[in-house]
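See below for the structure under consideration.
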Number of protein chains: 2
Amino acid sequence: MFSGEASRPSGGENSLATRAAWLSFIGGLTQDEIASRLSMSRVKVNRLIAQAHRDGLIRVFIEGTPQECVTLEDRLCRMFGLSGCFVAPMLDEGERPLPVETLAVAGARVLHNALETGQARIIGVGHGRTLAAMADRLPRQPRDGVRFVSLLGSLTRNAAANPFDVIHRLCERTGAESYFLPVPFFADTGEDKAVLMAQRSVRHALDLGRQADLVIAGLGEVASGSFLVKTGMITVEELDELHRLGAVGEILGRFFDAKGRLVDAEINARAIAIDLADLQGKEVVILAGGKSKPQAIRSILSTGLVTRLVTDEATAHAVIEAAPQGN
Amino acid sequence: MFSGEASRPSGGENSLATRAAWLSFIGGLTQDEIASRLSMSRVKVNRLIAQAHRDGLIRVFIEGTPQECVTLEDRLCRMFGLSGCFVAPMLDEGERPLPVETLAVAGARVLHNALETGQARIIGVGHGRTLAAMADRLPRQPRDGVRFVSLLGSLTRNAAANPFDVIHRLCERTGAESYFLPVPFFADTGEDKAVLMAQRSVRHALDLGRQADLVIAGLGEVASGSFLVKTGMITVEELDELHRLGAVGEILGRFFDAKGRLVDAEINARAIAIDLADLQGKEVVILAGGKSKPQAIRSILSTGLVTRLVTDEATAHAVIEAAPQGN
DNA sequence: ACGGACATCGAACGAATGTTCAGCGGGGAG
DNA sequence: CTCCCCGCTGAACATTCGTTCGATGTCCGT
């Protein structure tokens, strides 16, 4: 019946360890006090407790919802060598494919922190709905000496949620200076791109982008329902080509495949944006979540390009579970 | 109503505390590392962890029992024919008469185990400070299909540590259903008791209690400083009568003498609680310890009513040593 | 607006904890 | 018996933790 702990070995030495651990963790005594109570040196008490710890005699439970999230964060950090990770508790029980709201709040918190602590002076910014929402969620906080710079072309047919808009909102809320690229998202041809990239204002902004301490970007998907397609940034033909070449996601205007390598699509050569190689060594944060994103997240994380991930609980689960066991 | 839950929402801050605590205790990170990961100062991390500790978000169990305690457990089991026994290493060298903390942790461990292994579906619950503390120490663990039922009257003048409160906390932590008797602890007269016992809700709860797989109760003492007296549940006159009749302890609202027999006190006839005879054949666990309890423990154990004892080391010693040498 | 009560923050310091290392002693082989 | 090996021990040191205190910010009432 009640098969409790009737048969527990409890070896001699182990017994002392248990007692020391009990006094320390539950009794809240200091190791010195335990030492004198058990008539041994403090060092020995320390060793006993360490042993109890190694032997798994100590079970710790942490209350609270975010516990699961923290678990996920930890696993993601270790799995992909991230320097940081934030998994937001799911807000939207509903099946909206993009938990924009959740990510926006979480991202705003991350950015707010970075600003608050003055860690970042120049901040590179990507594009996308999530980033735009994040900018909206950022508390107003005047920040002198901070500069936001867009890392990609700005002018598009669609006014909402383009890089210019994101930058605009950010600088409005912080009073920071903002820089953006007064050129299209994608040039029409490779030659056009060269011309546009040569513009002084573009060069200046890109130079600034290369000096950024912190980069915040979203992650685009490659699907007919994707943001880029729906807003007419890329055509269905281009989408087809991307699919054919195995593209699974997009970051800062560049499309990459399941291994995180840039695909050889013609459109990738026309993107007017900072070179991804220039991000090496920077703190690169991406905000990404939703049912269609796990694979793209996994791919880009595996490259080591990204140092921080902000996502939601469901997506974190999906990323971890679908990940190949390696690394 | 007796709302045991006075905690403010504080989702955001509490969430941070949980994260910090998790990273510290489970992740094993140093506070510096946590600070940099959460982008805050180390001092703040320290404060968050301290807060988590204060709020009781952190539960620690120690597996195993020191050898000396195992010996005591074994002797108690054989001496009183118990099916199980748990002797907690003593914490309070000091002179606190009631090692509530120790028993609470130990009891929580026992209950946690019972829930974990799914051995108990319906659990009868008594009253008292120790049980209330135990409920507080129980880790949150959603358990479907488990029902807690109070075995005695609930409504009293004192809001804290009454059966309702214990039940309430337990169900809050496990998500289980809870049942309690919406009547006083003691009826004013025997007739009142009959009326109250006839209430459908009372009958229903008591019926459920009779089906319990597991019963967890405390052990009350008969002294002017006892919990029941101090909270005004029984008067000094009643206490005197109990003394005169040789009462040495109380379990589930009934007072018994040194031989474990219910005393013929008038108050015993007014207690609104499950009949002790209905506990026959059940797993009955009692949590009891402290300098004033050994005699009561010995008496009740000698009846065979109790199948499991959770106590502290000092009390275990006292129970064994003062026991009549036989067997 | 002003000022005061109050909360919050982080540098700094002392306490507690974890780790290293030289010394000790027992036991086995030569 | 001597020597070496090995594990244990605790002093000393290094790291981490917890608390205090003054500074700074925030809220609210006059």
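Just so we're on the same page: letters track the sequence lines, and every chain starts at 1. Every heavy atom of this structure was used, including side-chain atoms; hydrogens, water molecules and symmetry mates were not. Here the structure is a predicted model, which means the values were calculated and not measured.
Per the geometry, CG belonging to A:Leu29 stands 15 Å off C1' belonging to C:dT17, to the nearest Å. Residue B:Gln51 contributes atom CD, which lies 14 Å from atom P of D:dG18 at whole-angstrom precision. Here the C1' atom of nucleotide D:dT9 and the CZ atom of A:Arg42 are 13 Å apart, to the nearest Å. Atom pair A:Leu48:CG and C:dT17:P shows a separation of 14 Å (rounding to whole Å applied). Rounded to an integer number of Å, the gap from B:Met40 CE to C:dC9 P is 9 Å. Atom CD1 of A:Ile49 and atom C1' of C:dA16 are 11 Å apart (whole Å). Taking atom CG on A:Asp32 and atom P on C:dT17, their separation rounds to 7 Å, with Å as the unit.
Nearest to the side-chain atoms of A:Gln31 among the listed nucleotides C:dT17, C:dG10, C:dA12 stands C:dT17. Closest to the side chain of A:Asn46, out of C:dG18, D:dG10, C:dA12, is C:dG18. Here the side chain of A:Arg47 is nearest to one of D:dC17, C:dT17, D:dG10, namely D:dG10. Relative to the side chain of A:Thr30, the nucleotides C:dC9, D:dC17, C:dA16 differ in distance, and C:dA16 lies closest. The nucleotide whose nearest atom lies closest to any side-chain atom of A:Val43 is, among C:dA11, D:dA11, D:dG18, D:dA11.
Look at A:Lys44 and you won't find any side-chain N or O under 4.0 angstrom from OP1 or OP2 of D:dG10.
The aromatic rings of A:Trp22 and B:Phe86 are tilted relative to each other, their planes meeting at an angle between 30° and 60°.
A:His53 NE2 to A:Leu48 CG: the interatomic distance, rounded to the nearest 0.5 Å, is 14.0 Å.
Remark: A:Arg75 CZ is loosely packed, at most 12 non-hydrogen atoms of other residues, nucleotides or ligands lying under 6.0 Å away.
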After noting the C-alpha distance and the side-chain angles of A:Glu73 and B:Arg37, does the key distance pass the salt bridge (Lys or Arg N to Asp or Glu O under 4.0 Å) rule? CA-CA 11 Å; A:Glu73 287 171 6; B:Arg37 184 177 290 199; 5.9 Å; no

